[in-house]
Amino acid sequence: MKAKKRNRLFGWLIAVLLLCIGILAIFAWRDRREESEIRDTFYYVALGDSIPNGYCVSEEENIEGYPRILAEELRAEKGMSVSLSEYTKDGITAGGLCEEYLSDVKVQEEVKRADLITVTAGANDILKRFRELYKEISGEDVKVRDMDNIFSAFLEKAAENPELAVKAAEIMSGWEWDDFEKDWQEMMESIRANRREDCRVIVTALYNPVRHKAELGALNLYIEKQIGRVNDIIMENSEIYGYQAAELGEAGIEEHLQEDGLHPDGNGQKMIAKWVWEQLIQGSGK
């Protein structure tokens, strides 16, 4: 009798074990199938300001931002579907990216499954400072949003009163970028906390759109210095947060700008896409 009970119990245990094995096999097959489906799609998340947003001065022209150009390159190279999620906005700062996008659960989920993330930010943080500078030295608010017109307005004031250029240089010499660095680190920390370990993150450093404007004279040295300080923050944090930086300072983007003197034209966008692509290839070991 005891032997029969033992055999029955053993039989039940075998049946339960086989059932568990079968269930595990089904889940493993489903996971492999889902993983295979994921590999059939390359997920790309673009974060940034008006540059990746493809801002265009002319309403009659359509300029494609570099993320869309890059997505086409990826489709051609990988021979697979590329899902591009664009979280870009004209005028947004590094802090704004954190507040408006990276704090959003939907965006965080996109970041979690991303194979590639690109980030372009910092130009509006600098532009904001120059608006404040113009108001401080002239006593007037500048209504325009582009850098070229801000400097044109400043030069008109400086022509009337040359001391304004000296005052502007003194003010810029005292600028600190601690707040920007804090916002930048918060942004990159949010990305690092949510992204996969094998996700590639590529950041574009800033270029100087007024580098060749001779009419700015010595003031351009101070402008270059401020852009350089922001770029230093971007570069110095790359190893800490595990991203690559595409240094656009020597790319010649400033020779391919729109009428506003700030945003890249179609060729400029292609150049940025090319520099990001080169970073992507270098980091993959190809």
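More than 12 non-hydrogen atoms from other residues, nucleotides or ligands lie less than 6.0 angstrom from CG of Asp232. For Glu247, the CD atom is loosely surrounded, since the number of other residues' heavy atoms within 6.0 Å does not exceed 12.
Residues Glu250 and Tyr207 form no side-chain contact, since every pair of their non-hydrogen atoms from C-beta on lies 4.5 Å or further apart. Residues Val203 and Thr120 form no side-chain contact, since every pair of their non-hydrogen atoms from C-beta on lies 4.5 Å or further apart. Using a 4.5 Å heavy-atom cutoff, the side chains of Ile171 and Glu136 are in contact. Put simply, the side chain of Ile202 does not reach to within 4.5 Å of the side chain of Val119, judged on heavy atoms. Annotation: side chain of Asn231 is in contact with side chain of Ile227 (closest heavy-atom distance under 4.5 Å). Contact check for Ile117 versus Tyr87: no side-chain heavy atoms found under the 4.5 Å cut-off. Taking the side chain as every heavy atom from C-beta outward, Gln226 and Arg229 approach each other to under 4.5 Å. Residues Leu221 and Ile223 form no side-chain contact, since every pair of their non-hydrogen atoms from C-beta on lies 4.5 Å or further apart.
Between the side chains of Asp265 and Gln258, no donor N or O sits under 3.5 Å from an acceptor N or O. For the residue pair Tyr55 / Lys89, no side-chain donor-acceptor distance below 3.5 Å is found, with atom types taken as modelled. With no hydrogens or angles considered, a side-chain donor-acceptor pair links Thr88 and Asn53 at under 3.5 Å. Side-chain atoms of Tyr44 and Thr118 form a donor-acceptor pair, as typed in the model, at a separation below 3.5 Å.
A donor-acceptor pair under 3.5 Å is formed between the side chain of Ser238 and the backbone N or O of Met235. A donor-acceptor pair is defined here as one N or O able to donate and one able to accept, closer than 3.5 Å; no such pair exists between the side chain of Asn124 and the backbone of Leu127. At distances below 3.5 Å, at least one donor-acceptor pair connects side-chain atoms of Gln269 with backbone N or O atoms of Tyr66. Asp125 places no side-chain N or O within donor-acceptor distance of the main-chain N or O of Phe180, the cut-off being under 3.5 Å. The backbone N or O of Glu186 sits nowhere less than 3.5 Å from a side-chain atom of Ser190 that would complete a donor-acceptor pair. Remark: side-chain polar atoms of Gln279 are not paired, donor with acceptor, to backbone N or O of Ala246 under 3.5 angstrom.
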| Are Ile240 and Met188 close enough, and set up right, to give a side-chain contact (heavy atoms from CB on, under 4.5 Å), and what steps lead you there? | CA-CA 9 Å; Ile240 299 172; Met188 300 314 302; over 6 Å; no
| request: Just do the side-chain hydrogen bond (donor to acceptor under 3.5 Å, both in side chains) check on Tyr101 and Lys106 with the steps written out, would you? | output: CA-CA 9 Å; Tyr101 292 133; Lys106 178 179 180 294; over 6 Å; no
| query | Can you check salt bridge (charged side-chain N to carboxylate O under 4.0 Å, His left out) on Glu86 and Arg68, steps first, answer last? | reply | CA-CA 9 Å; Glu86 296 176 275; Arg68 297 190 180 189; 3.0 Å; yes
| field | Criterion side-chain contact (heavy atoms from CB on, under 4.5 Å) on Tyr43 and Leu116, from CA distance to verdict | value | CA-CA 7 Å; Tyr43 291 97; Leu116 170 65; over 6 Å; no
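Taking the charged nitrogens against the carboxylate oxygens, Arg113 and Glu109 have no contact shorter than 4.0 Å, which rules out a salt bridge. Between Glu132 and Lys135, no side-chain nitrogen of the basic residue sits less than 4.0 Å from a carboxylate oxygen of the acidic one, so the salt-bridge criterion is not met. The pair Arg75-Glu72 meets the salt-bridge criterion, with a side-chain N (NZ, NE, NH1 or NH2) lying under 4.0 Å from an Asp/Glu carboxylate O. For Glu176 and Arg129, the salt-bridge test fails: no basic side-chain N is under 4.0 Å from an acidic carboxylate O.
Leu97 contributes atom CG, which lies 8.0 Å from atom CD1 of Ile191 (distance to the nearest 0.5 angstrom). Here CZ of Phe42 is found 10.5 Å from OG of Ser83. Values are rounded to the nearest 0.5 Å. Rounding to the nearest 0.5 Å gives a distance of 7.0 Å between NE2 of His263 and CG of Asp49. Considering OH of Tyr243 and CZ of Arg195, their distance stands at 11.5 Å, rounded to 0.5 Å. Of the inter-residue distances, the one linking His256 atom NE2 with Glu254 atom CD reads 9.0 Å to the nearest 0.5 angstrom.
Taking the six-membered ring where the residue is Trp, the centroids of Tyr241 and Trp184 are separated by 6.0 Å or more.
Ring-plane geometry between Phe130 and Trp175 is classed as perpendicular, the angle between the planes exceeding 60 degrees on a 0 to 90 degree scale with a lower cut at 30.
Put simply, the residue from Lys78, Arg200, Arg196 that forms a side chain to side chain donor-acceptor pair (under 3.5 Å) with Asp115 is Arg196.
With sequence neighbours excluded, the residues satisfying side-chain contact (heavy atoms from CB on, under 4.5 Å) with Glu181 are Gln185, Ile233, Asn237.
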